Every structure is written in C-alpha cells, then in structure tokens.
4 protein chains.
Amino acid sequence: MAEETNIQEAFQAVMAANGDIPPKQQQVLAASLELFAQQGFANTTTKQIAQKAGVAEGTVYRRYKTKDELLAAVLAPFVTQVLPRLITEFAEGVVGRPYLTRHEMIQSIAEDRLAFIQKNGPILRILIREISVRTDLRSQFITHAGPLLQENLFPVLDRLKARGELVDWPDSRIAQFMIGTMLTELVRTLLVPEDIEKAIPTIIKFLEKGLAPD
Amino acid sequence: MAEETNIQEAFQAVMAANGDIPPKQQQVLAASLELFAQQGFANTTTKQIAQKAGVAEGTVYRRYKTKDELLAAVLAPFVTQVLPRLITEFAEGVVGRPYLTRHEMIQSIAEDRLAFIQKNGPILRILIREISVRTDLRSQFITHAGPLLQENLFPVLDRLKARGELVDWPDSRIAQFMIGTMLTELVRTLLVPEDIEKAIPTIIKFLEKGLAPD
Amino acid sequence: MAEETNIQEAFQAVMAANGDIPPKQQQVLAASLELFAQQGFANTTTKQIAQKAGVAEGTVYRRYKTKDELLAAVLAPFVTQVLPRLITEFAEGVVGRPYLTRHEMIQSIAEDRLAFIQKNGPILRILIREISVRTDLRSQFITHAGPLLQENLFPVLDRLKARGELVDWPDSRIAQFMIGTMLTELVRTLLVPEDIEKAIPTIIKFLEKGLAPD
Amino acid sequence: MAEETNIQEAFQAVMAANGDIPPKQQQVLAASLELFAQQGFANTTTKQIAQKAGVAEGTVYRRYKTKDELLAAVLAPFVTQVLPRLITEFAEGVVGRPYLTRHEMIQSIAEDRLAFIQKNGPILRILIREISVRTDLRSQFITHAGPLLQENLFPVLDRLKARGELVDWPDSRIAQFMIGTMLTELVRTLLVPEDIEKAIPTIIKFLEKGLAPD
DNA sequence: CATGAATGAGCTTTCATTCAT
DNA sequence: TATGAATGAAAGCTCATTCAT
C-alpha cells in the first residue's frame with residue numbers, strides 16, 4: 001500500500017526527533033501513529049495498538065504512562081521540531097535573494113511543502129483533528145507555529161509586497177490562502193486517491209495568480 | 001453569544017429537514033450538535049448530552065436508539081437535504097444567465113456559501129472530522145455530494161471556460177480550490193476568532209484572480 | 001456468625017450518618033465495610049464488592065466515583081459523626097456530677113465504649129489499619145478527634161485530679177491508657193474469639209486501680 | 001533521622017536471624033521493611049522496593065521468588081526467632097529468683113520490652129497489620145507465640161499470684177493488659193511523635209498498680 | 001549474578017444501553 | 001412518555017513476575 005509507505009516516512013520524521021528509542025517502543029509509536037491517523041485517537045484502543053505493534057499491552061505503557069502521553073509523543077516532536085525546521089529551512093532558502101519573484105517564492109514553498117504534506121499526511125491528519133478538539137493542544141500549537149510564521153515567512157512576504165510582487169493583503173491572510181490551498185490536497189487525497197505530484201504545478205499557478213497584485 | 005446563535009441556526013437547518021420532532025428530542029439534538037462540534041463525537045458522552053439537553057439519559061434513547069443514530073440524525077439531513085438545496089439553489093440562480101462573468105459566479109457562490117459556512121460551522125466541523133474517520137460516512141458523502149456538484153456546478157464552470165472566462169483546469173480541481181479556500185475560513189475561526197464577513201471580499205478577489213485564464 | 005451481626009450494626013451507624021441512600025447503594029456500602037474489615041482495603045477488589053453486594057460492577061461506581069471515595073463513605077461519617085457523638089454523649093453524662101468518683105467515671109466510659117467497640121469493631125479495624133497507612137486520613141483523624149478529647153474528656157479528668165480521685169499524669173497519657181486498654185479487646189477478639197461483655201468488669205477494675213493516685 | 005536508625009536496628013534483628021545474605025539482598029530486605037512499615041504491604045510495589053534498595057527489579061526476585069516470600073522473609077525470622085528469644089530471655093532472667101516482686105517483674109519486662117518495641121516498631125507495625133488481614137499468618141503467629149507465653153510467662157505469673165503479689169485474673173488477661181499497654185506506645189508514636197523512653201516509668205507504674213491484688 | 005525490558009492477568013473505571021417505575 | 005438507577009462489556013492502566021542479555 002502506498003499508505004503504508006507514507007506512514008513509514010512520517011514515522012521516520014517523528015523517530016528522528018525522539019532520540020534513542022528501543023525497537024519495541026518504536027513499534028508502539030509507529031502503530032499508534034498509523035491507527036490514530038486511520039481511526040482517530042479516541043477510537044483507537046491500547047489493545048489495538050499493542051496488537052498492531054506486536055507487543056503486549058503492558059509494553060505500550062512502559063515508556064508512555066498514559067494514552068495521552070502517547071499522543072503527545074507522536075505529535076509533540078512534529079510540532080516542536082519537524083514543523084519549525086520546515087519553516088526555517090524555507091526562510092534560509094530565500095533569505096539571501098533580494099530580487100526573489102512571487103513565482104520563485106511560491107514555487108519554492110509549494111514544492112517542498114507539498115512533498116512534505118504527502119510524506120507527513122498521517123501526522124498532519126492527526127494533528128488537525130486533535131487540534132480541533134483539544135484546547136490545550138490548540139494553544140500549544142498557536143504558541144509554536146505563530147511566531148515561526150511571523151519570523152520566517154512574514155518578512156519575506158513584506159519584502160515582496162514592498163517590491164510590488166505580491167498583493168497587499170495582511171500577511172496572515174496570505175498565509176491562510178497559501179497553507180490552506182496546499183492542505184486542500186490533503187483533503188482531496190482522502191476523498192479521491194490521487195498522486196499529489198500531479199497537482200503541484202496547478203496549485204503553484206493558482207496561488208501565483210491569486211496572490212498577484214491587482 | 002454569537003457561537004450560540006450559530007448553533008441555533010445550524011440547528012434550525014437540521015431541524016427543518018427532520019420533520020416533526022417533539023421539544024425534548026429537539027433539545028437532545030441541539031445539545032448533541034453543540035457538544036459534538038466542541039469536543040468531537042467520540043469524546044462526548046450520552047450523559048453530557050442529557051445534562052446539556054436538560055433531560056434524563058433514557059430520554060436520549062427514546063427516538064435515537066444508539067449514539068451513532070444520534071450522529072446520523074445530526075449529519076444525515078444536512079448532507080442529504082441542506083447541502084443539496086444549497087447547491088441546487090445556486091444553480092437555479094445562475095442557470096438562466098448566459099453571459100455570466102467569472103466575477104459574478106464567484107461572488108454569487110462565495111457570498112452565499114461563506115454565510116452558510118458561518119451559520120453551519122459547527123455541523124461542518126463535525127462532518128469533516130467524522131468523514132475523515134468513518135469510511136461509511138465518507139462513501140455516503142461522496143455518493144451524495146459528487147453528483148450534485150457534477151450536475152449543478154460543473155456545467156456552469158464548463159460554460160464559463162468555453163467563453164474564456166475561466167482557467168482551463170479540470171472542474172474537480174477548480175471546485176477543490178473554491179470550496180477549499182472557503183473552508184480555510186472555518187479553520188481560521190478555530191485558531192483566531194474573527195468575523196467571517198470581513199474576509200468575504202478578499203476571498204472573492206483571491207478566487208477571481210486565481211481562477212482567471214492565463 | 002456473630003461477626004455478621006456486628007457488621008450489620010456497624011453498618012447501621014454509618015447508614016444513619018449517611019442520609020438517604022437507595023437500597024443497592026446500601027448493599028454496596030455494607031459489602032465494602034465487611035470486605036474492607038476482613039481483607040483490608042487494598043486487598044479488596046471492586047469485583048468482590050459487587051459480587052457480595054449482589055450488584056453489577058458498574059453499580060459500585062454510581063454513587064462513589066472511585067474506590068477511595070467508597071472508603072471515605074465508610075469511614076468519614078464514622079469519624080465525623082459517630083465518634084464525636086460517642087465522646088460528647090459521655091461528657092453530657094458526667095458533666096452535671098461534681099462529686100464523680102474515679103470508679104464512676106471509668107465505669108461510665110468503659111461500659112458504653114466497650115459495647116461500642118464490639119458493635120463497631122469492623123469499622124474500627126478498617127479505621128486503625130488505614131490510619132496507619134494513609135497520611136491524609138491520619139491528619140484528618142487527629143484534627144477531628146484531638147479537640148474532641150480535649151474539650152470533653154480532659155476537663156473531667158482535670159476535675160478528678162483536682163479532687164485527688166485520679167493519678168496526676170498528663171491527660172493525654174491517661175487517655176492513652178484508657179482507650180488503649182479498651183482497644184486491646186479488639187485485638188484479643190481477633191486472635192481469640194471471645195465475648196467482650198465478660199471482659200468489661202476486669203477492664204474496669206484494671207483501669208480503676210491503674211489510674212488511682214499513688 | 002531517628003526513624004532511620006530504628007529501621008536499621010530492626011533490620012539488624014531480622015538480618016541476624018536470617019543467616020548469610022549478600023549485600024544487595026540485604027538492601028532489598030531493608031527497603032522492603034521500611035516501605036512495608038510506611039505504606040503497608042499491599043500498597044508497596046516491587047518497583048519501589050527496587051528503587052529504594054538501589055537494585056534492578058529483577059534482583060528483588062533473585063532470592064525471594066514472590067512478593068509474599070519477601071514479606072515472609074521480613075516477618076518469619078522475627079516471629080520464629082527474635083520474638084521467642086525475647087520471651088525466653090526474660091524467663092531466664094527471673095526463673096532463679098523465688099522471691100520476685102510484682103514491681104521487679106513488671107520493670108524487668110517493661111524496660112526490655114519497651115526498648116524492644118522502640119527498636120522493632122516498624123516490623124511490629126507490619127506484623128500487626130498483616131496479622132489482621134492474613135489468616136495464615138494469624139494462625140502461624142498464634143501457634144508460635146501462644147505456647148511461648150504459656151511456657152515462659154504464665155508460670156512466672158502463677159508464682160506471683162500464689163504469693164499474693166499479683167491480682168488473681170486469668171494469665172491470658174494479665175498478658176493482654178501488659179502487652180496491650182506497651183503496644184499503646186506504638187500507636188502513640190504514630191499519632192504524636194514522642195520518645196518512648198520518657199513513657200517507661202509511667203507505664204511501669206500503671207501496670208504495677210493495675211495488676212496489684214485487690 | 002544482576003539487569004530492566006517485556007509480559008499479561010487482573011484491577012479500576014467508563015459509558016452506551018436497558019428497563020422497571 | 002420520561003426517568004435515572006442499574007447493567008456489563010470493554011477501556012485504560014498497574015504491577016508481580018519472567019527472561020534474554
């Protein structure tokens with residue numbers, strides 16, 4: 001299954017951010033990730049996790065003392081490390097280019113980010129779903145992601161706007177359109193199986209035109 | 001509370017589509033709607049529903065024999081009646097206008113639909129969340145919504161494309177961008193409290209430009 | 001079993017102090033009391049309680065939301081109501097008698113209190129055992145019982161001491177001997193089944209002599 | 001901490017009676033003793049024991065195959081060796097003295113025994129608690145302690161009674177008062193921190209007067 | 001011998017669902 | 001029809017015990 005491959009990769013990202021973890025615990029984490037993504041956190045039982053991970057139910061609780069901690073272990077490194085790295089990497093890529101065009105910026109963002117969305121679809125699904133349900137997670141996310149955008153993306157947008165390369169809307173609205181449009185792909189793959197790759201050029205064009213100055 | 005009003009109105013929509021329902025059952029339905037939207041279906045107990053509805057727990061089960069049926073009672077009429085009516089109403093509004101511009105179409109859609117999203121935010125949240133978790137609901141949704149779009153929206157898009165008013169992308173992709181962009185407002189209100197009204201002109205412009213022919 | 005009868009009576013005392021409780025919940029309370037006394041709180045499972053009470057396991061949790069709350073429901077009314085009433089009743093019995101002799105006082109205390117110990121043996125066993133294990137319960141007990149003794153028993157002792165009827169030891173030590181000696185009966189009945197009644201005269205004499213002035 | 005010292009000494013008593021034990025196992029035994037005394041046997045986990053002993057959880061099981069065996073290892077030598085030695089030592093001390101007075105006997109018992117109680121408080125606490133909960137331990141205790149008292153204490157009491165030095169109550173009752181009164185000190189130290197030493201003279205006097213012939 | 005990750009039986013607790021009143 | 005106490009299956013979680021290293 002292609003689905004499987006995605007999860008493996010998404011799992012790598014979380015693993016990498018989680019330090020040294022013994023193999024059985026990795027299986028637990030991987031199984032949780034997959035099941036949470038498929039069925040949602042609340043609909044997943046620790047028994048299912050244990051079965052899919054091929055371990056005893058008690059093993060699930062060795063490292064993560066509650067089911068909530070397991071969710072945190074899946075999401076936290078993603079929010080606090082993977083996501084930030086993604087955003088700052090983008091900034092680094094465009095920061096030294098004073099004559100960046102709107103096209104270049106959007107392409108630079110969209111290509112990387114869409115590949116990222118594809119790879120991390122499962123985690124993103126969990127994240128979005130749980131953010132809409134858990135107040136604590138929501139505020140934690142806002143605290144982390146807000147400043148990151150403000151420091152890395154907004155200055156770039158401002159520069160483009162100053163040079164008449166970008167429509168003069170508030171940064172947060174532009175970000176909303178950019179991120180939102182890319183996430184529609186996540187929804188689309190849920191309803192209609194489709195390769196994200198093919199959508200990339202169209203998405204880039206759509207954003208490029210939609211965000212052009214009047 | 002504005003939130004309250006929204007739910008009341010969203011509730012009206014479901015109510016209207018549900019035929020004659022005794023008052024206590026209406027309270028149950030309204031309470032379910034609100035709680036499912038806030039906390040998610042799986043995190044809501046029938047006890048909470050009963051409390052918020054001001055009835056006994058047994059009463060919750062008088063009309064709806066299971067909790068799942070309660071979810072269906074909240075969502076089904078929305079999917080099978082409210083949503084279709086919304087789409088067909090749109091079609092009716094533009095069907096007799098052969099020289100419709102892109103601007104007119106998008107404005108016509110966006111204004112109504114954004115008001116609709118605002119009014120029905122809670123139900124839409126439930127719907128999106130549960131669709132991502134329940135295969136049956138997903139296929140049911142595709143069965144209902146797919147043809148509706150194909151019959152009502154796509155012909156209009158095709159006509160506009162033929163007249164060079166609209167970019168030549170597949171209808172499904174154009175629909176993805178239009179619906180997706182509007183739904184980003186739903187996400188935004190979750191993270192940052194904001195009045196949807198204010199966003200309407202910007203969203204319309206974004207879509208209008210983004211979907212213009214090259 | 002005589003044991004049974006005791007528990008029934010001890011149970012009455014707790015019941016009386018607990019307000020209106022539906023029959024099944026009373027069975028739960030009675031079963032808990034008996035099992036906690038026999039096996040200790042920590043060695044008693046909620047399954048055992050449910051079985052002995054003849055109810056489903058869920059029923060155990062209807063009124064008492066945790067097992068700890070069940071223990072509190074058994075002990076708290078005893079500590080805060082039964083025990084205080086016992087002590088103040090004693091005070092009322094001797095307060096109007098200025099020429100009370102040591103013999104009269106000890107007899108007055110011992111007879112009532114030993115009957116009380118016999119009746120409430122099971123609860124007392126639970127109380128003593130759990131007090132020795134739970135810091136919170138210990139301080140709660142000291143807070144309640146300490147002042148009661150100080151206000152009701154100690155003044156009587158002081159009066160007797162002033163009239164040369166009682167040995168001149170600290171009140172707390174005299175209380176220790178009086179209460180301790182009576183409680184030895186509780187331990188004795190544990191090791192050797194015996195009717196407390198028969199021991200009363202001997203205990204009274206022992207205390208009377210032991211607490212006589214030099 | 002004085003508490004610590006007590007446990008160390010109590011531990012010595014058990015150690016001495018336990019033959020050669022490797023150091024890690026001694027730490028396990030000492031940790032068990034302390035934790036069982038503080039929190040009760042049932043509320044103590046093997047993990048806690050391992051931590052306090054500074055060994056791995058598996059090590060706890062090297063010598064003692066079950067947790068129950070660990071309790072036995074703490075209590076059995078105390079019941080079968082320390083306690084007997086205590087009682088027989090007493091007998092040896094008074095057996096050759098035909099004109100022993102009540103005062104001398106009580107003093108002889110009380111002084112040693114109270115020191116003993118102080119030293120072995122933790123073990124005694126465990127013993128008393130577990131005897132009240134475990135039938136097997138109870139009968140084992142009765143089997144061991146009963147005859148010991150009958151053979152070593154009762155003859156002495158009988159001789160004193162014959163010489164009019166002691167009140168004419170059944171030996172078991174006299175023993176109850178003597179042992180019980182001394183144990184009240186154990187309870188007192190639980191509720192009110194106090195040095196047992198100071199109580200010794202008063203306890204001796206109380207017993208001496210209480211057990212005098214009429 | 002010591003370790004500590006792993007086990008799984010069994011415990012406490014939750015909650016959708018039923019049903020006598 | 002409405003009630004809410006009662007149910008019991010199943011969930012989350014604990015912990016004595018085992019065993020490969």
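Throughout, a chain's letter reflects where its sequence line sits, starting with A, and its residues are numbered from 1. Atom set for the values below is all heavy atoms of this structure, side chains included, hydrogens, waters and symmetry mates excluded. If you're wondering where the values come from, they're calculated on a predicted model, not measured in any experiment.
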Just how far, in rounded Å, is [atom2] of [N] from [atom1] of [X]?
X     : N      : atom1 : atom2 : answer
A:R62 : F:dG12 : CZ    : C1'   : 18 Å
B:Q51 : F:dT3  : CD    : P     : 13 Å
D:E69 : F:dA16 : CD    : C1'   : 13 Å
D:D68 : F:dC15 : CG    : P     : 16 Å
C:R63 : F:dT7  : CZ    : P     : 15 Å

- Note on the structure: Pairing partner of E:dT13, by Watson-Crick or G-U wobble and under 3.5 Å for both distances, is F:dA10

- Message: Which nucleotide, if any, forms a Watson-Crick or G-U wobble pair with E:dG4, using both distances under 3.5 Å?
- Response: F:dC19

Does [X] make a side-chain N or O approach to OP1 or OP2 of [N] shorter than 4.0 Å?
X     : N      : result
D:T46 : F:dC15 : no
B:T59 : F:dT3  : yes
B:K47 : F:dG4  : no

- When we call it a touch if two heavy atoms are under 4.0 Å apart, what does C:T45 touch: a base, just sugar-phosphate, or nothing? sugar-phosphate

- Message: Heavy atoms only, 4.0 Å cut-off, all strands: where does C:V60 land among base, sugar-phosphate and nothing?
- Response: nothing

Could you tell me which non-hydrogen atom of [X] sits nearest to which non-hydrogen atom of [Y], and how far apart they are?
X      : Y      : result
C:V133 : D:R129 : CG2-NH1, 3.3 Å
B:F36  : B:I126 : CB-CD1, 3.4 Å
A:Q26  : A:I21  : NE2-O, 2.8 Å
A:T46  : A:V60  : O-CG2, 4.2 Å

- Item | Upstream residue (5' side of DNA chain E) when D:V55 and C:T66 are each assigned their closest nucleotide | D:V55

- Task: Nearest-nucleotide wise, let me know which of C:Y61 and B:K67 is further upstream toward the 5' end of DNA chain E.
- Result: C:Y61

- Message: Quick check for you: name the first and last nucleotides of DNA chain E, 5' to 3', having an atom under 4.0 Å from a heavy atom of chain C.
- Response: E:dC11 to E:dT14

- Check: C:Q25 side chain, C:P22 main-chain N or O, donor-acceptor pair, under 3.5 Å: no

- What pairs meet the salt bridge (Lys or Arg N to Asp or Glu O under 4.0 Å) rule with one or both residues in residues 64-77 of chain A, with sequence neighbours excluded? A:D68-A:R134

- Query: Side chains of B:S132 and A:R125: donor-acceptor distance under 3.5 Å anywhere?
  - Reply: no

- Take B:A56 and C:P22, find for each the nucleotide of DNA chain F with the closest heavy atom, and name the residue whose nucleotide sits nearer the 5' end. B:A56

